[in-house]
Amino acid sequence: MKEILAELIASTIEKSYNNQDSSLKTDEIEALIEVPPNSDMGDYAFPCFRLSKVFRTSPNIIAQKLAENFSSDLARAEAMGGYLNLFLEREKFAKRIIDELKNKGERYGSSNIGNGKTICLDYSSINIAKRFHIGHLSTTMIGNSLKAIFEFLGYKTVGINYLGDWGTQFGKLIYAFKTWGNMDTLKEKGVDELTRLYIKFHEEAEKDPSLEEEGRKWFKAIEDGNDEAMSLFNLFKELTLKDAQRVYDILGVSFDSYHGESYYNDKMDRPIRELKEKNLLKNSEGASIVDLEKYDMPPCLILKKDGATLYATRDIAAAIDRHETYNFDKCLYIVAYQQDLHFKQVFKVLELMDYDFAKNMVHVAFGMVSYEGQQLATRKGHIVYLEDLLNRACEKALEIINEKSPNLENKEEIAMQVGIGAVVYTDLQNGRIKDIDFRWDRALNFDGETGPYVQYTHARACSVLRKAEEITGLYDVEEDYSALTDDFSQNLLRLISRFPESILQAADKYEPSIITRAMTDIAKAFNKYYYEQRIIDEDLSKTKARIILCKATKDVLKTAMSLIGMQAPERM
RNA sequence: GGGCUCGUAGCUCAGCUGGAUAGAGUGUUUGACUACGAAUCAAAAGGUCGUGGGUUCGAAUCCCGCCGGGCUCACCA
């Protein structure tokens with residue numbers, strides 16, 4: 001829409017100022033076009049302040065002159081305070097948007113700008129032996145959403161769950177299991193038992209610091225491939241993944257690779273050799289580092305005094321491996337902002353190693369989660385497990401369904417979709433950099449701007465469409481778009497017309513909340529429209545046009561929800 | 001102390017590549033179910049956009065200083 005208007009404005013400028021070089025190209029004009037704060041001021045507006053400098057005339061006069069010379073059957077123009085305000089010809093605009101929706105349906109807003117290029121996304125990345133809690137939700141859902149968004153835009157995506165499955169804590173866990181645990185309880189209780197053993201170890205180690213040494217010994221055994229150590233380690237991993245998989249299934253999240261830290265354990269020789277060859281490694285206090293002082297960063301530690309590798313070493317090896325395996329166009333790390341410096345260092349080291357792809361690596365950072373104002377702490381039990389949250393949200397949804405839709409079929413199934421929708425929506429509602437203070441009352445609120453609100457709107461639209469199917473003769477008439485020229489329909493259409501732009505922006509900024517907000521605005525506009533305008537009435541042609549708008553809204557909402565990772569029930 | 005980041009209504013946040021009267025939701029007060037779903041809609045009230053300068057025709061938005069919160073800064077990940 002903007003593109004067409006920009007061309008119209010460009011030719012109007014030319015006409016008004018006799019082909020003088022306006023110094024504004026069509027795409028510059030397009031970038032300047034904005035949406036007025038109020039719809040009384042038109043659908044789009046072109047500010048003339050920039051031109052005022054070029055032509056050395058007041059913006060008011062320019063706007064007036066442009067308004068006089070503007071002619072198009074698609075829109076009319078009005079000058080207002082230095083702005084050229086454009087009012088779209090309502091019926092034509094409606095037809096235009098609706099035609100596209102009819103054509104694309106739930107694919108509306110999709111494109112092939114990705115052109116099959118690959119994007120790797122590193123998200124969720126859970127730690128072995130820890131239960132999935134609310135602190136893991138953001139990385140999981142942001143990653144899941146970005147994956148969907150990029151696929152919708154024609155990219156190939158690779159979802160990577162970079163498991164935290166390496167480190168001395170696993171040695172400690174083996175010691176704890178052998179000392180205080182047994183196989184039956186472990187198999188019965190799974191990760192909960194691992195958590196108990198982990199806490200127990202730390203309690204005991206405070207009294208007897210020699211336990212730390214025992215932990216290190218057992219980790220060494222894992223490193224050396226000792227049979228007993230390995231079989232326990234693999235069992236811990238299996239139990240954790242089984243537990244996480246249950247959550248992933250509920251959330252509808254999946255991955256293409258589970259290569260974790262341990263996978264790279266024997267793949268670090270090469271990057272270390274390369275670092276040496278390129279003279280990047282420096283000895284400092286016995287450790288091997290890459291000096292980044294020139295770049296105003298602390299050094300990046302590659303090898304410890306004892307020669308052992310570190311987190312950064314593994315990330316560098318993993319990045320190189322991922323690029324070789326997938327030849328990615330971009331590699332996104334959806335990781336909390338605490339690790340900002342770490343990623344800056346890793347990306348810089350890769351750049352210094354002459355890996356061109358380093359500039360295509362992005363740390364998609366997000367805020368911290370606290371619980372009732374305090375830091376999450378497994379050991380203190382100050383924590384909310386995701387399954388508990390999801391269960392309570394689904395119970396709450398079921399209560400409301402029992403109250404409001406007692407005759408609904410598959411109540412449990414729909415309660416799940418709604419409860420999970422509420423949790424997912426809340427997670428992706430705000431800019432990802434914002435910290436989240438988890439509060440039960442907020443999490444279980446289903447009124448106002450929430451997941452259930454959007455789902456409800458979708459279900460409501462579905463309900464109208466079901467009603468419409470019963471109308472005889474509706475499909476024999478031609479739709480009359482003059483039924484969509486009122487303010488409420490137009491506002492809804494305007495928002496729908498801007499939805500594809502929101503998807504592009506969400507991808508560009510790695511910001512799913514842009515879609516959450518766009519779909520909420522559309523849902524709001526539909527609910528207003530629904531109250532103010534009768535959809536089904538005696539005039540079949542007009543009814544048909546309104547029904548088509550209803551279908552269009554439904555499709556867009558469903559698409560938006562799928563990009564966020566929410567289900568869209570047709571009844572609730 | 002250095003770096004990064006955030007500061008907008010009682011609360012949670014949009015708006016930030018400069019533009020028109022700073023917007024939502026929630027909470028509070030009030031109104032609307034005898035035709036399409038009240039998990040909805042409508043109305044009222046609520047603001048020194050942390051603060052002080054600067055740039056500009058124009059600043060919540062850009063630049064600098066300051067204040068306040070968070071994160072981070074060598075052998076954890």
Side-chain angles (χ1 to χ4, degrees), chain A residues 31-32 34 36-38 41 45 47-50 52-53 58-59 80-83 85 125 127 164 166-169 261 284-289 296-312 314-315 335-342 344-345 365 367-368 370 396-397 400-401 403-405 418 422 426 429-431 433-437 439 441-442 445-457 459-468 470-471 513-514 516-517 520-521 523-524 526-537 543 546-547 550 571-572:
Chain A
L32 283 174
E34 57 191 68
N38 191 320
M41 299 167 168
C48 302
F49 307 95
R50 193 77 69 82
S52 134
K53 275 188 182 148
S58 91
M80 278 171 93
Y83 286 87
N85 287 347
S125 302
N127 290 318
W166 202 248
T168 43
Q169 69 269 32
E261 294 173 42
S284 171
E285 296 168 35
S288 297
I289 62 155
D296 292 320
M297 279 187 260
C300 182
L301 259 79
I302 303 293
L303 295 172
K304 297 202 271 187
K305 266 198 280 244
D306 62 6
T309 57
L310 284 140
Y311 184 41
R314 258 183 300 279
D315 264 359
V335 180
Y337 64 58
Q338 278 105 313
Q339 297 194 33
D340 195 44
L341 177 61
H342 163 75
K344 275 188 184 145
Q345 292 177 316
M368 303 212 326
S370 54
K396 173 86 188 289
I400 297 174
I401 289 171
E403 183 194 327
K404 308 206 173 186
S405 319
V418 174
T426 304
Q429 180 179 26
N430 294 329
I433 204 68
K434 296 273 179 190
D435 289 334
I436 297 172
D437 184 27
R439 301 275 281 274
D441 54 347
R442 244 182 272 148
N445 173 34
F446 294 178
D447 297 328
E449 291 181 355
T450 60
Y453 174 85
V454 179
Q455 287 173 321
Y456 177 81
T457 310
R460 185 183 239 181
C462 288
S463 170
V464 177
L465 293 173
R466 281 193 297 271
K467 274 257 156 42
E470 298 164 9
I471 304 169
S513 66
I514 292 172
T516 314
R517 289 185 181 280
T520 306
D521 289 343
K524 268 194 218 167
F526 179 79
N527 282 323
K528 262 183 202 165
Y529 168 69
Y530 177 89
Y531 262 82
E532 302 294 338
Q533 293 292 320
R534 181 75 210 161
I535 294 174
I536 297 168
D537 67 9
T543 297
R546 293 188 212 103
I547 287 295
C550 192
R571 301 170 201 258
M572 62 188 268

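Please read these numbers as outputs of a predicted model, since none were measured by experiment. Within every chain, numbering begins at 1; the chains are lettered A, B, ... in the order of the sequence lines, protein sequences first and strands thereafter.
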Side-chain N or O of A/Lys404 closer than 4.0 Å to phosphate OP1/OP2 of B/rA39
yes

Using the P atom as the point on both nucleotides, what is the distance between B/rG2 and B/rG65, in whole Å?
11 Å

P gap between B/rA42 and B/rC57, integer Å:
42 Å

Taking for A/Asn430 and for A/Glu449 the nucleotide of RNA chain B with the nearest heavy atom, the one nearer the 5' end belongs to A/Asn430

Answer yes if the side chains of A/Asn527 and A/Thr457 hold a donor-acceptor pair under 3.5 Å, and no otherwise.
yes

Nearest-angstrom distance, P atom, B/rA74 to B/rG69:
23 Å

Pairwise P distance for B/rG53 and B/rG47, with rounding to whole Å:
23 Å

At under 4.0 Å between heavy atoms, what does A/Gly431 touch on the DNA or RNA strands: base, sugar-phosphate, or nothing?
sugar-phosphate

Would one find a side-chain N or O of A/Arg466 under 4.0 angstrom from OP1 or OP2 of B/rG37?
no

B/rA38 phosphate, OP1 or OP2: any side-chain N/O from A/Tyr531 under 4.0 angstrom?
yes

Measure from the side chain of A/Pro299, starting at C-beta and using heavy atoms only, and say which of B/rG70, B/rG37, B/rA74 lies closest.
B/rA74

In whole Å, what separates the P atom of B/rA22 from that of B/rA9?
15 Å

A/Asp296 has an atom CG; how far is it from atom C1' of B/rU72, in whole Å?
15 Å

Looking at B/rC6, I'd like to know if its phosphate oxygens (OP1 or OP2) sit under 4.0 Å from a side-chain N or O belonging to A/Lys434.
no

Could you tell me whether A/Asp437 and A/Arg442 have a side-chain N and a carboxylate O separated by less than 4.0 Å?
no

Under-3.5 Å donor-acceptor pair between A/Asp315 side chain and B/rA77 base
no

Rounded distance in Å between the P positions of B/rG50 and B/rG7:
8 Å

Is any side-chain heavy atom of A/Asp435 less than 4.5 Å from a side-chain heavy atom of A/Ser370?
no

Does any donor atom in the side chain of A/Arg439 or A/Asn445 lie under 3.5 Å from an acceptor atom in the other side chain?
no

How is A/Ile536 classified with respect to the nucleic acid when contacts are heavy atoms under 4.0 Å: base, sugar-phosphate, or nothing?
base

Indicate yes or no: does A/Asp340 engage A/Lys344 in a salt bridge with an N to O separation below 4.0 Å.
yes

What nucleotide, of B/rC4, B/rA39, B/rA20, holds the atom closest to the side chain of A/Met80?
B/rA20

For B/rA24, give the paired nucleotide (Watson-Crick: N1-N3 plus N6-O4 or O6-N4; G-U: N1-O2 and O6-N3; both under 3.5 Å), or none.
B/rU12

Among B/rC6, B/rA20, B/rG37, the nucleotide that comes nearest once only the side chain of A/Glu34 is considered:
B/rA20

B/rG37 phosphate, OP1 or OP2, under 4.0 Å from A/Tyr453 side-chain N/O:
no

Report yes if the side chains of A/Ile471 and A/Ile536 come closer than 4.5 Å at any heavy-atom pair, otherwise no.
yes

Distance check, C1' atoms only: B/rC66 and B/rG58, in whole angstrom units.
26 Å

Can you see whether A/Phe526 has A/Arg460 sitting over its ring - NZ or CZ less than 6.0 Å from the centre and within 45° of the normal?
no

Is it the case that B/rA14 (base atoms only) and A/Ser513 (side chain only) share a donor and an acceptor within less than 3.5 Å, ignoring hydrogens and angles?
no

So, are A/Lys524 and A/Glu449 salt-bridged, with charged N and O less than 4.0 Å apart?
yes

RNA chain B nearest-nucleotide lookup for A/Asn127 and A/Ile436: closer to the 5′ end is A/Ile436

Give the nucleotide from the list B/rA74, B/rC76, B/rG70 with an atom nearest to the side chain of A/Leu301.
B/rA74

Could you check whether A/Ser405 gets within reach of a base, just the sugar-phosphate, or nothing at all, counting any heavy atom under 4.0 Å?
base

Taking any heavy-atom pair under 4.0 Å as a contact, classify A/Gln169: base, sugar-phosphate, or nothing.
nothing

Nucleotide opposite B/rA42 in a Watson-Crick or G-U pair, distances under 3.5 Å
B/rU30

For B/rG65, give the paired nucleotide (Watson-Crick: N1-N3 plus N6-O4 or O6-N4; G-U: N1-O2 and O6-N3; both under 3.5 Å), or none.
B/rU51

With respect to the side chain of A/Tyr311, which nucleotide from B/rA39, B/rC41, B/rA77 is positioned closest?
B/rA77

What nucleic acid atoms does A/Met572 come within less than 4.0 Å of, heavy atoms only: base, sugar-phosphate, or nothing?
base

To the side chain of A/Gln338, which of B/rC36, B/rC71, B/rA77 is closest?
B/rC71

B/rA24 phosphate, OP1 or OP2, under 4.0 Å from A/Arg517 side-chain N/O:
no

Report the nucleotide, chosen from B/rA39, B/rC76, B/rG37, that has the shortest atom-to-atom distance to any side-chain atom of A/Ile400.
B/rA39

Within the structure shown, what part of the strands sits under 4.0 Å from A/Pro298 by heavy-atom distance: base, sugar-phosphate, or nothing?
sugar-phosphate

